[in-house]
Amino acid sequence: MRPLLSIETLSVEFTNYQGTSSVLDRVSLTIQKGEILGLVGESGCGKSVTARTILRLIPEPPGRVTSGAIHFGGEDLLTVSNKRMQKVRGNEISMIFQEPMSSLNPVFTVGNQMREVVRLHRDLKRREADALCTDMLHQVQMPDPDEVLRKYPHELSGGMRQRVMIAMALTSDPKLLIADEPTTALDVTVQGQVLAILTDLSRQRNISVLMITHDMGVVAQICDRVAVMYAGRVVEMASVGELFANPIHPYTQGLIASIPNMDDSQHDGQAPSRFQTLYSIPGTVPTLIQPPPGCRFHPRCEEVGISCDREVPELCWMSPDHAVACHTRMGGHS
Ligand SMILES: Nc1ncnc2c1ncn2[C@@H]1O[C@H](COP(=O)(O)OP(=O)(O)OP(=O)(O)O)[C@@H](O)[C@H]1O
Ligand SMILES: [Mg+2]
């Protein structure tokens, strides 16, 4: 089946007074129709740049796409006209951000803002637009939608604001929703509710989702497949079940090992210790102005082989749903 979105060997650079940084290096990934793909990795690894490049929202300069293609419904989004891109942004691909307050205008009521979005996408009279707004808020399980429409964004809680954003993002019936850390600012209970709403709507309407997160728990909870990024490269890609059962890349193994595990302490029948230490991956994320040669993870890797600081490992398919880019784990080179 042809994927809904296919990113191929996408490279992006940013140039500032310190030099040019290679922020994305030949990133390739696909999203199938109706699928929820998680994009995970530490801060600064290029998740948001990937999302913004899909929507052509990278400021140029300082940014520059140096190679690649982004296929979406038979077009390459990197080469279509600005006019066409505006249509894609409004109608076919929607995005929601981490902090809804930065996307909502504080001086207009929620109703005003939602109505404007609705009327931008659909030719509706005011009363019809109002009914649609109420219906959309119902769909994101907002209690008392009519009351919410009369409120200003600051009068809502963080979780309610994020529901408003989801409702607005889905008004145009997009084929793809990009959610960039949509629940990071919310407490765990509200995060769970918002994720459940997002997943239900995506399943009901067969909308694909690119879920950007640094939280492996979120990936486990809602994603079908996951791509793990490290310092601007995709290092592993698999279905969620496969990735958690059989992580191959040492970086992915480190990410999974650093998830707090409530069960561990119960294996030996003892109460959880307050002083239990969590695993953390040694070292820090490299600068992308002069990234480490070869595998960008090799300075932090505990299993470094002889080719790792010289040759860039290519993403290789180990099985039909599992790809990894690691010399040591692929056997051949170390
Ligand atoms: N407008 C910009 N100008 C210069 N550099 C940028 C710009 N936007 C992003 N970068 C750089 O690109 C790299 C990747 O940033 P990006 O925002 O994609 O990270 P991220 O994976 O989304 O991190 P986080 O989890 O913190 O959101 C970083 O090194 C960042 O400094
Ligand atoms: Mg980001």
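Please read all numbers here as calculations on a predicted model, not as lab measurements. We count ligands from 1, going down the list as the structure has it; atoms in each ligand are counted the same way.
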> Any N/O/S atom from S43 (main chain or side chain) under 2.8 Å of the Mg ion (ligand 2)?
no
> Quick check on G46 - does any of its heavy atoms sit under 4.0 Å from an atom of ligand 1?
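True for this residue.
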> Look at atom 13 (C) of ligand 1 and say which protein heavy atom is nearest, naming residue and atom and giving the distance to 0.1 Å.
V23 CG1, 3.6 Å
> Return the closest protein heavy atom for atom 3 (N) of ligand 1 as residue, atom name and distance.
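Minimum-distance protein heavy atom for atom 3 (N) of ligand 1 reads F14 CD2, 3.4 Å.
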> Could you check whether atom 30 (C) of ligand 1 has a protein contact, counting only heavy atoms that fall below 4.0 angstrom?
no
> Kindly identify the option in P286, G232, G41, S43 whose heavy atom sits closest to atom 24 (P) of ligand 1.
S43
> What verdict does the salt bridge (Lys or Arg N to Asp or Glu O under 4.0 Å) test give for R233 and E314, after you've listed the backbone C-alpha separation in whole Å, the side-chain angles of each residue and the deciding distance to 0.1 Å?
CA-CA 10 Å; R233 289 189 187 140; E314 297 299 327; over 6 Å; no
> What protein heavy atom lies closest to atom 23 (O) of ligand 1? Include the residue and the distance to one decimal.
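For atom 23 (O) of ligand 1, the nearest protein heavy atom is G44 N, 2.8 Å.
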> When rounded to the nearest 0.5 angstrom, what is the spacing between CD in E8 and OG1 in T30?
9.5 Å
> Test your reading of the model: is there a side-chain donor-acceptor pair from S208 to the backbone of Q32, 3.5 Å cut-off?
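Answer holds: yes.
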> Any idea which part of V49 is under 4.0 Å from ligand 1, heavy-atom wise: side chain, backbone, both or neither?
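Answer for V49: both.
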> What are the atoms of ligand 1, with element, lying closer than 4.0 Å to any heavy atom of E181?
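Checking each atom against E181, I get 25 (O).
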> Does some side-chain heavy atom of S22 sit less than 4.5 Å from a side-chain heavy atom of R296?
yes
> With heavy-atom distances below 4.5 Å as the criterion, would you say the side chains of I96 and I178 are in contact?
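Counting from C-beta outward, I96 and I178 never come under 4.5 Å.
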> Are the side chains of L149 and M114 in touch, meaning some heavy atoms are under 4.5 Å apart?
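L149 reaches M114 side chain to side chain.
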> For atom 17 (O) of ligand 1, which protein heavy atom lies nearest, and how many Å away is it?
S48 CB, 3.6 Å
> Is at least one protein non-hydrogen atom found at under 4.0 angstrom from atom 20 (P) of ligand 1?
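It does; a protein heavy atom is within 4.0 Å.
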> Between K47 and ligand 1, is there a nitrogen or oxygen pair with a distance under 3.5 Å?
yes
> Taking the ring of Y230 and the ring of H249, is the distance between their centroids below 6.0 Å?
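When the ring centroids of H249 and Y230 are compared, they turn out to be at least 6.0 Å apart.
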> When you measure from the side chain of R150 to the backbone N and O of T109, does any donor-acceptor pair fall under 3.5 Å?
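No, R150 side chain to T109 backbone: no donor-acceptor pair under 3.5 Å.
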